[in-house]
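Written below as structure tokens is the structure these notes are about.
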2 protein chains.
Amino acid sequence: MANHPALQFSLDRSSPVPLYYQLSQQLEAAIEQGRLAPGSLLGNEIDLAARLGLSRPTVRQAIQSLVDKGLLVRRRGVGTQVLHSQVRRPLELSSLYDDLEAAGQHPATRVLHHATEPATARVAAALGVPEGSEVLFVERLRLAHGEPMAHLRNHLPVGLIDADPARLEETGLYRLIRAAGITLHSARQTVGARAATPEEGARLAEPEGAPLLTMERTTYDDTGRAVEFGSHVYRASRYSFEFQLLVRP
Amino acid sequence: MANHPALQFSLDRSSPVPLYYQLSQQLEAAIEQGRLAPGSLLGNEIDLAARLGLSRPTVRQAIQSLVDKGLLVRRRGVGTQVLHSQVRRPLELSSLYDDLEAAGQHPATRVLHHATEPATARVAAALGVPEGSEVLFVERLRLAHGEPMAHLRNHLPVGLIDADPARLEETGLYRLIRAAGITLHSARQTVGARAATPEEGARLAEPEGAPLLTMERTTYDDTGRAVEFGSHVYRASRYSFEFQLLVRP
DNA sequence: CACCGTTATATGTCCGGACAACCTGACCTA
DNA sequence: TAGGTCAGGTTGTCCGGACATATAACGGTG
């Protein structure tokens, strides 16, 4: 066992898509569709490279990208094995809007507040701007199926995005940030819980004292600049965070 | 600007530690200590390789590992830049015990229950074993500074670890799993919140109805086998999850 | 039968080179 | 001045090869 001679890969050398990427995509598809059985060996890199007319470094690069995704496991002296998957999604930096939309929940947004305000000490520290300097403050209510799901408060440096309320009602904040040509890089998050205040309860259609899930997040672009600080509250009865994480070897 | 001729790297070719790893460690240390200023360019790979007496692929491998960690950013045609850090810890698969210990919180554990039991449908599905088959069930109370922090309930396949109560009181579950020669690979988590029941409140020294942070986690080893299913409850007043996540490019 | 060394096999590391694609800034032109 | 063009510099991709090292299977030895 261990060989998969039936598997076909089509590589287009005239394509601008890198060869290693073409291969990794097709390997991933084969794993996804079960054409590469979980637990089976992939066949050694040398032969694979020869069969595909590629060099071994190129094949290794393709395999490595899938190892990084958690789909494959390499064992020295043994081979490269397809993982019994079960899982997916290694925790992406996604917006609640996209999550809800992907789940078919018909998200909607109501913009409650939208103005530039002087930064509080907390916001200034998170965004790395002077305290008291002007920042954009956006307060939104996120609905799913017409029911309130979360109360979202975001602070952004001024002039970063074209965030007029109309566009914020139509899509998620992250899409607007990306559309402004900003490359998101990383985020620092804190997830906790607390009891609803009377005002929060009224906003989210929960009784006072109901448990709420809180999330604070500072997002950075690829220059290390903070581009957004969010302070969000979710109805614990309706929402939870779900994600997968990989062990860094 | 952009060059760092002062930086010295010492590479030991007789060491069993790979050269790219030696280099990446020293680069990381230099970034950590500020000897490589945030935002500054690293200097091109070709020269760096020549200066160090290494090949470019080796230098690239070192740099790439730091890019994957989020410490560096590459820009084609520009160079490799040190990120304005601010952050660290890209969300590891760590145990609460280690987290508390690292924070100097003097963790302690009280084992409440420790026995093999037939798996419920929920546990069986998570662990991938037949419903009703025997699994190890461990129930613990985690304390910090003598105060209860969390109530931990874990189910594990039988025979996986030597988990006698005495050892569980001394250390975290993950350490025992790793000590059993198991290579942790990934985990699937769900984080939510709910109100404390009277029993939970009594256990955790919280009033009934107090908000609690909940976390369910199934952990897999590098063969894809589920090795642990945990169902945990944390005092929201004392604990929150904090982590960093990277955007996959 | 149990133990241990040998051997085949696979990935891990490293090299040196080549060309392509992209970004920036300087220069030229309308 | 405004715009486009071009050259230089840097990372991205890809090649072919070499040797090291971990693993498992085999087979010999006590």
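Computed from a predicted model, the values in this text were never measured in an experiment.
The backbone N or O of L72(B) sits nowhere less than 3.5 Å from a side-chain atom of Q81(B) that would complete a donor-acceptor pair.
Rounded to whole Å, atom C1' of dG12(D) lies 9 Å from atom CZ of R74(B). Between the P atom of dG12(D) and the CZ atom of R60(B) lies a distance of 5 Å, rounded to the nearest Å.
Using a 4.0 Å cut-off between charged side-chain N and carboxylate O, E45(A) and R74(A) make a salt bridge.
Applying the side chain to side chain donor-acceptor pair (under 3.5 Å) criterion to T120(B), with sequence neighbours excluded, gives no partner residue. The side chain to side chain donor-acceptor pair (under 3.5 Å) check on T116(B) picks up E134(B), with sequence neighbours excluded. Applying the side chain to side chain donor-acceptor pair (under 3.5 Å) rule to E117(B) yields the partners H113(B); only residues at least two apart in sequence or on another chain are considered. Legend: residues meeting side chain to side chain donor-acceptor pair (under 3.5 Å) with S65(A), ordered by chain and number and at least two apart, are absent.
Contacts between chain B and DNA chain C, taken as any atom within less than 4.0 angstrom of a protein heavy atom, begin and end at dT13(C) to dC23(C).
Taking 4.0 angstrom as the limit, T80(B) places a side-chain polar atom (N or O) nearer than this to OP1 or OP2 of dT11(D).
Note that CZ of F241(A) is 14.0 Å distant from CE of M215(B), once rounded to the nearest 0.5 Å.
Residue whose closest nucleotide on DNA chain D sits further toward the 5' end, between I63(B) and V17(A): I63(B).
Using a 4.0 Å heavy-atom distance criterion, P57(A) is classed as a base contact.
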What string of B, S and - do you get for nucleotides 18-27 of chain D, 5' to 3', when a contact is any protein heavy atom under 4.0 Å? B--BBB----
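Exactly one of E131(B), H155(B), E216(B) qualifies for a side-chain hydrogen bond (donor to acceptor under 3.5 Å, both in side chains) with R122(B). That residue is E216(B).
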